[in-house]
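Single-structure report; data block below.
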Number of protein chains: 2
Amino acid sequence: MNYSIKDIAKKCGVSTATVSRVINNKGKYSKETEAKVLKVINDLGYKVNSNAQTLRTKISKTIGILVPDINNHFFSDIVQKIEKLLFDLEYSTIICNTDRNQVKENNYLNILESKNVDGLIIISGSSNSFSFEGKQKYIPYICIDREPFEFSNTIFISSNHLKGAEDATRFLINKGVKHPLIVLPKKLSISSESRLEGFKNVLKEYSISFSEETNTLVLSYNNDNSDILQKFFNNNHKVDGIFAVNDNLAIEIIKFLKLFNIRVPDDIQIVGFDNIPASKIISPELTTVSQNTNQISEYAVNKIIDLINGKAKTGTTIIVPTKIIERNSTK
Amino acid sequence: MNYSIKDIAKKCGVSTATVSRVINNKGKYSKETEAKVLKVINDLGYKVNSNAQTLRTKISKTIGILVPDINNHFFSDIVQKIEKLLFDLEYSTIICNTDRNQVKENNYLNILESKNVDGLIIISGSSNSFSFEGKQKYIPYICIDREPFEFSNTIFISSNHLKGAEDATRFLINKGVKHPLIVLPKKLSISSESRLEGFKNVLKEYSISFSEETNTLVLSYNNDNSDILQKFFNNNHKVDGIFAVNDNLAIEIIKFLKLFNIRVPDDIQIVGFDNIPASKIISPELTTVSQNTNQISEYAVNKIIDLINGKAKTGTTIIVPTKIIERNSTK
DNA sequence: TTGTATGCGTTATCAG
DNA sequence: CTGATAACGCATACAA
């Protein structure tokens with residue numbers, strides 16, 4: 001059986017109102033009653049019922065996080081950091097793994113709304129843009145890494161993918177690369193698109209011509225890409241530098257090149273993106289562009305809390321700088 | 001503003017009771033009223049308030065998961081799988097990152113209890129054994145990988161660490177290893193202890209003498225172990241096979257051995273434990289003992305649901321077999 | 001400083 | 001088939 005505020009009140013010979021006040025530090029009671037109430041609460045191991053509390057106050061002290069895939073290090077890293085920060089602010093976090101699935105995402109959105117979360121943090125997702133409209137009640141939300149459909153309702157936080165990619169490409173060229181290649185996944189997220197754009201920008205900057213066939217290579221996840229890779233490198237002997245749009249791709253390529261005795265970085269230099277742990281394990285260790293997940297997480301929680309308290313306004317975008325981590329896949 | 005069942009009732013010209021029945025498919029209403037109610041619900045975008053619902057019914061259709069570190073692949077893998085299974089059963093999941101911190105763990109336990117979760121899944125944790133007692137209400141819980149203090153209140157699910165370690169050690173010996181070494185982290189979890197025990201068992205089986213100094217090496221996480229490693233291998237030239245109690249340790253050693261031109265597997269063969277993604281990235285690729293996270297996850301959700309429905313009894317233990325994944329760090 | 005009474009949104013009982 | 005109403009546990013306006 002569960003104790004309620006009523007039980008405490010009865011045991012103390014006070015009213016439920018008083019108990020409630022004590023619990024919530026609202027003042028308006030004597031030291032003695034406070035002590036008495038606290039003691040009974042402690043003795044009985046009483047705990048508030050947050051459902052009742054939320055029903056009454058409309059405040060749940062809970063933030064929902066939507067994350068596409070908790071197994072992906074970049075995401076789990078951010079989630080873990082956000083969770084930690086929120087915990088310190090006495091918010092609890094409901095982490096929802098959407099599996100990159102639109103239906104699941106909507107489903108969770110409804111659940112979170114019905115649970116009365118105070119705010120939402122949306123990390124990337126299945127579609128490039130996100131809108132949280134048509135709901136009954138406005139719930140403040142932050143978008144990380146996925147552009148909101150309607151900027152005016154939210155705050156958008158993202159790494160500077162464009163500049164990160166430009167830096168990476170320029171880095172390669174400064175290391176002597178004459179024939180740069182960008183490696184992309186099959187379906188481009190909004191951030192991958194920016195990275196591609198950054199790559200192109202720098203080619204233009206250095207008057208290097210760009211063609212899809214020779215400067216672009218598309219790989220698919222989970223599938224065996226060896227045929228594609230083999231065909232590509234048979235036809236493009238000149239490639240001497242690769243910007244892989246993410247570390248997983250970069251690693252796949254390094255493994256492939258090793259197999260074919262193409263030396264990294266001597267024959268081909270490679271830069272990745274994301275700085276996942278595996279980038280330090282592959283040999284040669286991977287030079288990569290790292291996203292500042294600390295800063296992203298901090299902005300996300302600061303802003304969501306501010307929004308909840310009406311201290312921030314929506315319609316803004318925060319761009320977080322990236323950094324090149326130089327390792328041994330470049331000269 | 002938020003619509004309630006009352007608003008729907010009024011708009012439909014029926015009572016709240018009827019609306020509730022329709023929502024919950026309880027029957028006792030005509031086709032026409034059903035249609036009418038459903039239409040209004042849809043038009044208004046009404047959503048139930050789960051706090052009110054849970055307050056009333058004591059059922060939240062929510063499971064809490066306590067996980068030490070969501071950044072650790074073994075954990076995030078299990079969490080992700082559990083979440084998926086629960087989602088299909090229309091349970092939502094609250095994932096709590098305890099940061100291997102006892103205080104945080106307790107804190108979350110209280111929060112989850114006050115949110116009226118229907119059940120708990122506890123993955124490993126800060127202490128070797130876990131007990132969820134002294135609470136007002138019994139909440140069914142499952143322990144994964146961490147022995148419960150009191151078996152009778154829970155169901156314990158774990159890989160067969162002992163046998164996994166025995167297999168690994170025997171595997172090494174069968175590959176010709178004469179001087180096996182086990183590498184351990186500083187503080188041993190209950191599962192690491194079992195793995196050590198398994199290692200010792202097999203040495204005995206093959207009449208290989210065991211001494212802490214020559215057959216054991218302790219490394220610490222996050223610190224630079226190169227001094228320790230160097231000293232050890234200077235004094236122990238004979239070592240020709242290593243069982244690392246987990247893949248991270250194994251990888252660290254491989255990297256070290258490479259640096260000192262000790263060849264893997266030619267000079268020293270290595271087997272890890274856990275089959276983390278990085279084990280396929282290191283070269284040579286790591287032979288390792290993989291835990292069956294699919295099966296662990298499935299058992300966990302089946303059992304917690306059964307417990308909730310009173311269809312399983314506590315006090316049992318489920319041991320899940322492991323499997324050796326042979327790769328190139330062994331001959 | 002304390003207590004009474006009301007309502008948050010739901011479900012369930014009971015009467016019709 | 002339908003409706004009125006009480007109760008879940010809590011916080012608060014108001015009265016004392």
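Letters A, B, ... mirror the listed sequences (proteins, then strands); counts begin at 1.
- Regarding contacts with the backbone of dT10(C), every side-chain N or O of Tyr3(B) stays at 4.0 angstrom or more from both OP1 and OP2.
- In summary, of the residues considered (Asn97(B), Asn71(B), Asn72(B)), a side-chain hydrogen bond (donor to acceptor under 3.5 Å, both in side chains) with Ser76(A) occurs for Asn71(B) alone.
- As a whole-Å value, the separation of Ile23(B) CD1 from dA12(C) P is 12 Å.
- Ser20(A) comes within 4.0 angstrom of a base, heavy atoms only.
- Residue contacts shown for Val19(A) are absent, as no nucleic acid heavy atom lies under 4.0 Å away.
- Dashed line: the shortest gap from a side-chain N or O of Thr33(B) to OP1 or OP2 of dT2(D) is under 4.0 Å.
- In this structure, Glu34(B) atom CD and dC1(D) atom P are separated by 11 Å, rounded to whole Å.
- Phosphate contact (OP1/OP2 of dT12(D), side-chain N/O of Lys26(A), threshold under 4.0 Å): present.
- Nearest nucleotide to the Val14(B) side chain, out of dG9(C), dG3(C), dG3(D): dG3(D).
- The nearest pair of heavy atoms linking Tyr46(B) to Ile8(B) is CB-CD1, 3.7 Å.
- Atom CD1 in Ile8(B) sits roughly 15 Å away from atom P in dG3(D) (whole-Å rounding).
- Between the NZ atom of Lys115(A) and the C1' atom of dG9(C) there is a distance of 15 Å, given to the nearest Å.
- Contact annotation: Ser15(A) side-chain N/O to dT2(C) OP1/OP2 distance is not under 4.0 Å.
- The side chain of Leu55(B) lies closest to dG9(C) when the candidates are dG9(C), dC10(D), dT1(C).
- Here Asn51(A) lies out of heavy-atom contact (under 4.0 Å) with every strand.
- The interatomic distance linking Lys47(B) (NZ) with dC8(C) (P) rounds to 20 Å, in whole Å.
- Nearest nucleotide to the Ala52(A) side chain, out of dG3(D), dC1(D), dC10(D): dC10(D).
- When the C1' atom of dT12(D) is taken as reference, atom CG of Asn24(A) falls 11 Å away, rounded to whole Å.
- Distances were taken from every side-chain heavy atom of Ala17(A) (C-beta onward) to each of dA4(D), dA13(D), dG9(D); the shortest belongs to dA13(D).
- Smallest separation of non-hydrogen atoms from Ile82(B) and Ala300(B): CD1-CB, 4.2 Å.
- Between Lys58(B) and dG9(D) there is a side-chain polar atom (N or O) within less than 4.0 angstrom of OP1 or OP2.
- Ring geometry, Phe151(B) versus Phe156(B): the interplanar angle exceeds 60°, so the pair is classed perpendicular (tilted spans 30 to 60°).
- The phosphate of dC8(C) (OP1 or OP2) has a side-chain N or O of Lys6(B) nearer than 4.0 angstrom.
- Here dA13(D) is the nucleotide among dC10(D), dT10(C), dA13(D) with the atom lying nearest to any side-chain atom of Arg21(A).
- In this structure, Ile59(A) places its CD1 atom 16 Å from P of dC10(D), rounding to the nearest Å.
- When the shell of 6.0 Å around OH of Tyr29(A) is examined, it contains more than 12 heavy atoms from other residues, nucleotides or ligands.
- Following rounding to the nearest Å, Asp7(B) (CG) and dG9(C) (C1') show an atom-to-atom distance of 10 Å.
- We find that Glu34(B) and Lys26(B) are not joined by a salt bridge, their nearest charged nitrogen and carboxylate oxygen being 4.0 Å or further apart.
- Nearest nucleotide to the side chain of Ser30(B), out of dG3(D), dC1(D), dT10(C): dC1(D).
- OP1 and OP2 of dG9(D) both lie 4.0 Å or more from every side-chain N or O belonging to Thr16(A).
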